[in-house]
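Each remark here refers to the structure printed beneath this line.
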Amino acid sequence: MRAVVLVGGFGTRLRPLTNSVPKPMLPVGHQPMIARLVERLGGGGVTEVVLALGFRPEPFMEAFPDGRCGDVALTYAVEPEPLDTAGAIRFAAESAGIDDTFVVANGDVMTDLDVAALVAEHRRFGAEATIHLIGVDDPSSFGVVDMADNGSVKAFVEKPAPGEEPSNLINAGTYVFEPSVLARIPDGRVSIERATFPMIADDGGMYGYATDDYWIDAGRPEFYRAANLDLLSGVRRDQGCEAISPLARVHPEAMIRNSVVGDRVDVAAGASVVDSVLLPDARVEAHASVEASLVMGVVRPHAVVRDSMVGATGVVAEHATLECSATPLPEA
Ligand code: GDD
Ligand code: MG
């Protein structure tokens, strides 16, 4: 089975990290999130993934130069301009000649969903489109469904105003489509969530498969951090990671607690790192403190970084305090 994975967004909510690395190439437990996602799709029977790219395709091509990620073959569909989610799916599916049932995934979804079970449910429903659903406490920043008892989706609303959500069941970003979905997508910029899903739901062809699997959208700062730390705590079904990369240099008099320390990171004597992710090549210098943060750049001696993101070119000056710079940007 083939899959289209959407990786062409701008990753604005993870700026400044995404100024240097596209969101799906950011590491989760020392591996690019796209590699974890492709591996999961492969485990569910996907043999070929088409990466739907728009913005900066080079880092993907460099990371997978032989066109494979594990056992899965990779091809690339590079959009001439961002076509939004539905436009990108159609462009990628047409470039790969997809003409059979196929899987689609958002490139920032980290989950333990069994993709083969989603495909089996899709066939059992006889659906045109089946989407994976997850129950959450605050659904308003996601796509939300109104579902009938037989699993059919009566209505799909993208990012409803708080208080106007039809349920707590959200679109978890993995889909199975019949090729007829492609014929519903007009030329140009089209959103699958705002245009295509409501149309298929109205026609009675859309179904939902709700599970209570581990699930996180790693495209938001707090969740990107959690996606990393959750690999340390054992909440993932079959996945975990080393807290400290063997390629990192951590001084014996540094303190690391509940944190992921990436490749080639340097942590100096007296520094403390708590509940944080230090991305590849980050430096935390002597007696600096990093807490609940995501750091790619340099934290100078005695500086304090709390609830913040520091990009690849970011330098927090000696004795300075950086606090709460990780506030997500408002939705576009
Ligand atoms: N190729 C391409 N072109 N990809 C795109 C484009 C585009 O123009 N625009 C967005 N994408 C990709 C992003 O890279 C991401 O992998 C995926 O499409 C979804 O975009 P996000 O920006 O991450 O959307 P979201 O998180 O606000 O909402 C989506 O995911 C939620 C679950 O995580 C929606 O699908 C919601 O309905 C859903 O609940
Ligand atoms: Mg997202």
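Both counts, for ligands and for their atoms, begin at 1 and track the order of listing.
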Taking only Lys NZ, Arg NE, NH1 and NH2, and the carboxylate oxygens of Asp or Glu, determine whether E128 and R184 approach each other closer than 4.0 Å. yes
Contact with ligand 1 for T85, non-hydrogen, under 4.0 angstrom: yes
Do any N/O atoms on D108 end up under 3.5 angstrom from N/O atoms on ligand 1? yes
For ligand 1 and L6, I'd like to know whether there is a polar contact (N/O to N/O, distance under 3.5 Å). yes
A52 versus ligand 1: do any nitrogen or oxygen atoms come within less than 3.5 Å of each other? yes
Pair R36 + E39: basic N to acidic O under 4.0 Å: no
Run the salt-bridge test on D112 and R236 with the 4.0 Å N-O cut-off and return the result as yes or no. yes
Would you say ligand 1 has an N or O under 3.5 Å from any N or O of A172? no
Suppose I only count heavy atoms of G107 and a 4.0 Å limit; which atoms of ligand 1 are within that range? 16 (O)
One finds that the ligand 1 atoms under 4.0 Å from a non-hydrogen atom of R220 are 25 (P), 26 (O), 27 (O)
Tell me whether ligand 1 is touched by R13 - counting only heavy atoms on the residue side and a distance under 4.0 Å. yes
Looking at ligand 1, does any of its N/O atoms fall within less than 3.5 Å of an N/O of G9? yes
Looking only at heavy atoms, is any part of V7 under 4.0 Å from ligand 1, and if so is it the side chain, the backbone, or both, or is it neither? backbone
Is the charged tip of R40 near the ring of Y214: under 6.0 Å from the six-membered ring centre and within 45° of its axis? no
Check this for me - ligand 1, S141, N or O atoms closer than 3.5 angstrom, yes or no? no
The Mg ion (ligand 2) -> D217, closest N, O or S atom is OD2
Would you kindly specify which portion of Y175 sits under 4.0 Å from ligand 1, judged on non-hydrogen atoms: side chain, backbone, both or neither? side chain
Proximal ligand 1 atoms for K23, defined as those under 4.0 Å from one of its heavy atoms: 23 (O)
Drop me the distance from M147's CE to L169's CG, to the nearest 0.5 angstrom. 5.5 Å
Mind checking the CD-CG spacing from E291 to N258? Nearest 0.5 Å is all I need. 11.5 Å
Hey, does F156 come in under 3.5 Å of ligand 1, counting only N/O atoms on both sides? no
Between P82 and ligand 1, which part of the residue brings a heavy atom under 4.0 Å of the ligand: side chain, backbone, both or neither? both
What do you reckon, does K159 have a nitrogen or oxygen under 3.5 Å from a nitrogen or oxygen of ligand 1? yes
Does ligand 1 have a heavy atom under 4.0 Å from the side chain of R194, from its backbone, from both, or from neither? neither
What distance do E253 atom CD and H287 atom NE2 have between them, rounded to the nearest 0.5 Å? 8.0 Å
Do the charged groups of R90 and D187 touch, with an N to O distance under 4.0 Å? yes
What's the verdict on side chain to side chain contact (heavy atoms under 4.5 Å, CB included) for F177 and I89, showing C-alpha distance, side-chain angles and the deciding distance? CA-CA 11 Å; F177 288 169; I89 293 166; 4.2 Å; yes
Between E285 and R283, is there a salt bridge with N-O shorter than 4.0 Å? yes
N/O/S atom name from D108 that is nearest to the position of the Mg ion (ligand 2): OD2
If you compare N171, L37, V190 by their heavy atoms, the one closest to atom 38 (C) of ligand 1 turns out to be N171
Report the residue from I170, D138, V157 that forms a side-chain contact (heavy atoms from CB on, under 4.5 Å) with E165. D138
Where on W215 is there a heavy atom closer than 4.0 Å to ligand 1, on the side chain, on the backbone, on both, or on neither? side chain
Show the nearest heavy-atom pair for residues F156 and I131, with the distance to one decimal. CE1-CD1, 3.8 Å
Counting heavy atoms not belonging to R257, are there more than 12 under 6.0 Å from its CZ? no
Selected option - heavy-atom contact closest to atom 3 (N) of ligand 1, from E158, E79, E193: E79
State whether the shortest distance between N or O atoms of G8 and N or O atoms of ligand 1 falls below 3.5 angstrom. yes
